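Because the structure is a prediction, the values reported are computed rather than measured. Only this structure's heavy atoms are used, side chains among them; waters, hydrogens and symmetry mates stay out.
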Amino acid sequence: MSNENQLSLFENSNFQQKDLIPTDAKIPIPSGTYPSMTELAQHCNECHRCGLGENRTHAVVGRGNLKALIMIVGEAPGQNEDETGLPFVGRSGQLLEKILASVELDTEKDVYICNINKCRPPNNRAPSSKEMAACKPYLFEQLRLVDPKIILLTGATAVKGLIGDKGAMGTIRGKWIEWEGRLCMPIFHPSYLLRNPSREVNAPKWLMWQDIQAVRAKFDEIRHQ
């Protein structure tokens with residue numbers, strides 16, 4: 001069979017590249033694969049690019065405004081998220097809501113919330129490098145679809161998973177990092193704040209208050225450009 005005939009058969013088939021994506025992490029997910037978050041979410045719930053899909057109840061894709069200026073990225077779902085299919089809905093999520101509300105940021109209007117990994121790791125452990133690499137193409141598609149100007153990375157795993165190792169959280173939190181034409185800020189994960197409840201000057205909660213005010217100021221600056 002000639003190369004032309006083989007090409008003709010391929011072009012006329014019902015095969016679509018994205019039909020293979022959930023089965024193998026070695027298959028790339030090209031930019032523009034998903035026309036909407038709905039299709040992306042459907043694929044995430046069928047995905048087996050890594051082993052985390054074996055035990056999920058729901059893939060946890062995201063929530064909030066699909067055209068938000070701010071995207072908040074965590075590391076991976078916990079039990080509450082796995083059960084509901086929504087990110088940051090447990091105690092950490094409740095605290096995150098309060099932090100955002102303290103500077104009048106609305107999770108339905110001003111932000112979009114998601115994670116590096118869409119499926120819960122066993123015992124809520126941090127996702128491995130391979131698991132993050134398998135899932136990161138979905139996050140890149142979310143970034144393309146939402147197109148945020150500000151990305152808040154909650155905790156060291158989220159920082160490493162998206163923009164690479166930039167140093168200890170104590171050094172990089174609260175600092176703007178330019179990445180792929182967007183402004184990223186590492187911030188403490190809400191679960192860390194729950195474990196460190198002190199409001200004393202320079203305690204984690206006090207530092208978060210400084211950081212979220214800086215985020216609000218940058219949000220207002222970009223919004224009024």
Same apolar cluster (I L V M F W Y, side chains within < 4.5 Å links), L86/Y138: no

From L96 atom CG to T154 atom OG1, the distance as rounded to the nearest 0.5 Å: 7.5 Å

N/O donor-acceptor pair under 3.5 Å between D106 side chain and A101 backbone: no

Steps toward side chain to side chain contact (heavy atoms under 4.5 Å, CB included) verdict (L162, I151): CA-CA 10 Å; L162 183 59; I151 303 173; 4.2 Å; yes

Considering all heavy atoms, the nearest I187-M169 contact: O-CE, 3.2 Å

Nearest-0.5 Å distance that lies between atom SG in C184 and atom CD1 in I163: 5.0 Å

Distance, nearest 0.5 Å, that separates NZ of K149 from CZ of F219: 13.0 Å

Other residues, nucleotides, ligands: >12 heavy atoms within 6.0 Å of K160 NZ: no

Within-4.5 Å side-chain heavy-atom neighbours: E75 and N115: no

Audit row: D211, R173, salt bridge (Lys or Arg N to Asp or Glu O under 4.0 Å) steps and yes/no: CA-CA 8 Å; D211 296 346; R173 59 123 288 274; 2.6 Å; yes

M208 side chain reached by P204 side chain, heavy atoms, under 4.5 Å: no

Sidechain-backbone polar pair: D147 side chain, L143 backbone, donor-acceptor under 3.5 Å: no

Side chain to side chain contact (heavy atoms under 4.5 Å, CB included) between W206 and E200, intermediate numbers included: CA-CA 6 Å; W206 184 89; E200 294 294 322; over 6 Å; no

Non-hydrogen atoms of Y34 and I29 that approach each other most closely: CE1-CG2, 4.0 Å

Expected output: side-chain D24 to main-chain K26 donor-acceptor under 3.5 Å: yes

same_hphob_cluster(L145, V73) at 4.5 Å side-chain heavy-atom cutoff: yes

ILVMFWY network linking M71 to V103, side-chain heavy atoms under 4.5 angstrom: yes

Shortest non-hydrogen contact from A25 toward A134: CB-CB, 3.9 Å

Polar side-chain atom of E141 near backbone of L40 as donor-acceptor pair, under 3.5 Å: no

Same cluster (ILVMFWY, side-chain, under 4.5 Å), V111 and V60: no

Connected hydrophobic set around L52, excluding itself, where side chains approach under 4.5 Å: none

Donor-acceptor under 3.5 Å (T84 side chain, N80 main chain): yes

Contact check, side chains of P127 and I116, non-hydrogen atoms, under 4.5 Å: no

Neighbour count above 12 (heavy atom, 6.0 Å) for E104 CD: no

Exam field: side chain N45 to backbone A59, donor-acceptor pair closer than 3.5 Å: yes

Qualifying residues under salt bridge (charged side-chain N to carboxylate O under 4.0 Å, His left out), relative to R199, sequence neighbours excluded: none

Sidechain-backbone polar pair: Q210 side chain, G174 backbone, donor-acceptor under 3.5 Å: no

N/O donor-acceptor pair under 3.5 Å between N123 side chain and R125 backbone: no

Heavy-atom pair of closest approach, residues P77 and P121: O-CD, 3.8 Å

Flag side-chain contact, heavy atom, 4.5 Å: L193 against I99: yes

Residues which pass salt bridge (charged side-chain N to carboxylate O under 4.0 Å, His left out) with R223, listed by chain and number, not counting sequence neighbours: D220

Cluster check L194, V89: I/L/V/M/F/W/Y, side chain < 4.5 angstrom: no

Close side-chain approach of M185 and I150, heavy atoms under 4.5 Å: no

Which atom of H58 lies closest to which atom of G85, heavy atoms considered: CB-CA, 3.7 Å

Where P190 and L95 come nearest, the two heavy atoms and their spacing: O-CD2, 3.6 Å

pair Y112-I72: side-chain heavy atoms closer than 4.5 Å: no

Pairwise distance SG(C135) to CZ(R49) - rounded to 0.5 angstrom: 8.0 Å

Whether K98 side chain and Q94 backbone form a donor-acceptor pair below 3.5 Å: no

Non-hydrogen side-chain atoms of K166 and T171 separated by less than 4.5 Å: no

Atom pair CZ (R120) and CG (N55), whose distance is rounded to the nearest 0.5 Å: 9.5 Å

Ion pair E97/R63, N-O distance below 4.0 Å: yes

Ring center gap for F88 and H189 short of 6.0 angstrom: yes

Any donor-acceptor N or O pair under 3.5 Å, side chains Q142, K118: yes

Any donor-acceptor N/O pair, R182 side chain to P148 backbone, under 3.5 Å: yes

Beyond-backbone contact of K67 with V146, side-chain heavy atoms, under 4.5 angstrom: no

Nearest-0.5 Å distance, CG of residue L139 to CZ of residue R144: 12.5 Å

